[in-house]
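Report on the structure given below.
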Number of protein chains: 2
Amino acid sequence: MLKLSKKTEYALMAVKFIAKKTDGNSVTAKEISDGYNIPYDLLSKVLQQLTKKKVIKSFQGIKGGYSLSKDPNSVTLIDIIRAVEPNYQITECIKDGSTEKDCTHFNCCMIRDPLAKVQKEIDKLFRSLTIHQIL
Amino acid sequence: MLKLSKKTEYALMAVKFIAKKTDGNSVTAKEISDGYNIPYDLLSKVLQQLTKKKVIKSFQGIKGGYSLSKDPNSVTLIDIIRAVEPNYQITECIKDGSTEKDCTHFNCCMIRDPLAKVQKEIDKLFRSLTIHQIL
DNA sequence: GTTTAATAAGACTAATTTAGTCCTATTTCA
DNA sequence: TGAAATAGGACTAAATTAGTCTTATTAAAC
């Protein structure tokens with residue numbers, strides 16, 4: 001597969017929407033949901049996850065909403081993906097703390113190290129792309 | 001997600017297994033399946049897909065099996081992934097030939113081009129890694 | 001020629017993951 | 001206190017992946 005889930009798509013769209021709003025006001029989930037035709041509930045959760053990871057900040061209450069919490073040049077693709085994709089490692093066994101036991105194949109390590117290298121390269125790529133660059 | 005499926009894992013393990021066999025004889029699916037604890041039927045399909053894409057070559061009949069069809073230096077990770085992952089694009093809408101209609105969100109194009117760029121970078125990475133390098 | 005052991009391939013089922021929905025609580029401004 | 005926003009847990013539906021089963025085809029060996 002290697003696909004990014006809808007959550008990442010929605011996160012990118014949301015961040016772009018929020019970034020475009022330059023009048024100082026925050027943006028509500030409903031505005032984004034309506035504007036981009038994204039399911040409201042799902043989008044809400046994505047926004048909450050982005051908030052937890054400090055990619056955006058939220059304001060509660062009736063005048064609430066979301067705004068960027070950082071300079072678009074200092075937020076990278078990896079921040080967004082990590083906020084939203086529960087396990088984005090290209091394979092299970094290269095997670096931190098995983099041991100031989102977690103591997104179904106006792107010979108798994110034959111490809112484990114190589115794949116870890118590939119993962120590092122992907123990380124590097126995602127870390128090099130700021131949302132200012134790509135959106 | 002961004003995970004590679006088991007098929008890619010099995011493909012890499014199989015290619016490594018075949019590459020290690022240097023006595024000129026071909027390797028059977030059963031040998032790989034037994035050696036690495038991979039479900040035989042699933043592995044068979046992976047091997048068939050690799051054969052179709054000329055990553056390996058097959059010999060039918062009772063003395064049959066598989067062997068590499070190319071120099072390990074000239075086969076890259078992208079060859080293996082493309083042989084085995086039906087759609088490995090990081091998102092739907094950047095497939096060749098997909099139009100606005102294929103996109104659920106009429107504003108999808110807001111992230112389409114950026115994601116296409118990311119895809120290109122990933123492709124570049126996978127194309128630069130030969131199986132000789134990583135296995 | 002028949003047997004045997006291999007690849008080739010389609011159809012199907014089970015398991016897992018993703019996508020989406022529903023409901024309730026909490027916050028804060030008017 | 002009411003209205004409209006975020007926060008978040010539980011649940012269902014849909015899609016994808018993983019694995020199984022079955023049959024056909026191929027080619028060496030007897």
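Per chain, numbering begins at 1; letters A, B, ... match sequence-line order.
In this structure, B:Gln48 atom CD and D:dT25 atom P are separated by 15 Å, rounded to whole Å. For the pair B:Leu42 CG and C:dT7 P, the interatomic distance rounds to 15 Å; values are reported in whole Å. Straight-line distance from the CG atom of A:Leu4 to the P atom of C:dT17: 17 Å, rounded to whole Å. Rounded to an integer number of Å, the gap from CG of B:Asp41 to C1' of D:dC21 is 7 Å. The OH-P distance, from A:Tyr10 to C:dA19, rounds to 7 Å in whole Å. To the nearest angstrom, C1' of C:dT16 lies 15 Å from NZ of A:Lys3. Rounded to whole angstrom, the span from the CD atom of B:Gln49 across to the P atom of D:dA18 amounts to 12 Å. Going from atom OH of A:Tyr88 over to atom P of C:dT18 covers 15 Å, rounded to whole Å.
Residue B:Tyr66 places at least one side-chain N or O under 4.0 Å from the OP1 or OP2 atom of C:dA8. Checking the phosphate oxygens (OP1, OP2) of D:dG19, no side-chain nitrogen or oxygen of B:Tyr40 falls inside 4.0 Å. For the OP1/OP2 pair of C:dT7 and a distance below 4.0 Å, the side-chain nitrogens and oxygens of B:Thr28 include no atom meeting the criterion. Within the 4.0 Å cut-off from OP1 or OP2 of C:dA19, at least one side-chain nitrogen or oxygen of A:Ser5 is found.
Distance from the side chain of A:Gln60 is smallest for C:dT27 among the nucleotides D:dT17, C:dT27, C:dA8. Set against D:dA29, D:dT16, D:dG19, the side chain of B:Lys63 has D:dA29 as its closest nucleotide. Distances were taken from every side-chain heavy atom of A:Ile62 (C-beta onward) to each of D:dA7, C:dA5, C:dC29; the shortest belongs to C:dC29. Nearest to the side-chain atoms of A:Lys6 among the listed nucleotides C:dT17, C:dT7, C:dG20 stands C:dG20.
Using a cutoff of 4.0 Å between basic side-chain nitrogens and carboxylate oxygens, A:Lys117 and A:Asp113 are not scored as salt-bridged.
Taking CD1 of A:Ile18 as the start and OG of A:Ser67 as the end, the distance is 7.5 Å to the nearest 0.5 Å.
Remark: A:Phe17 pairs with A:Tyr36 by the ring-ring contact (aromatic ring centres under 6.0 Å, His included) rule, at least two apart or across chains.
Looking only at distances, a side-chain donor or acceptor of B:Thr51 sits under 3.5 Å from a matching main-chain atom of B:Leu47.
Using a 4.0 Å heavy-atom distance criterion, B:Lys57 is classed as making no nucleic acid contact.
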(request) Walk me through it: do A:Thr28 and A:Phe59 pass the test side-chain contact (heavy atoms from CB on, under 4.5 Å)? (result) CA-CA 9 Å; A:Thr28 68; A:Phe59 306 96; over 6 Å; no

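One cannot find a donor-acceptor pair under 3.5 Å joining the base of C:dG20 and the side-chain atoms of A:Lys45.
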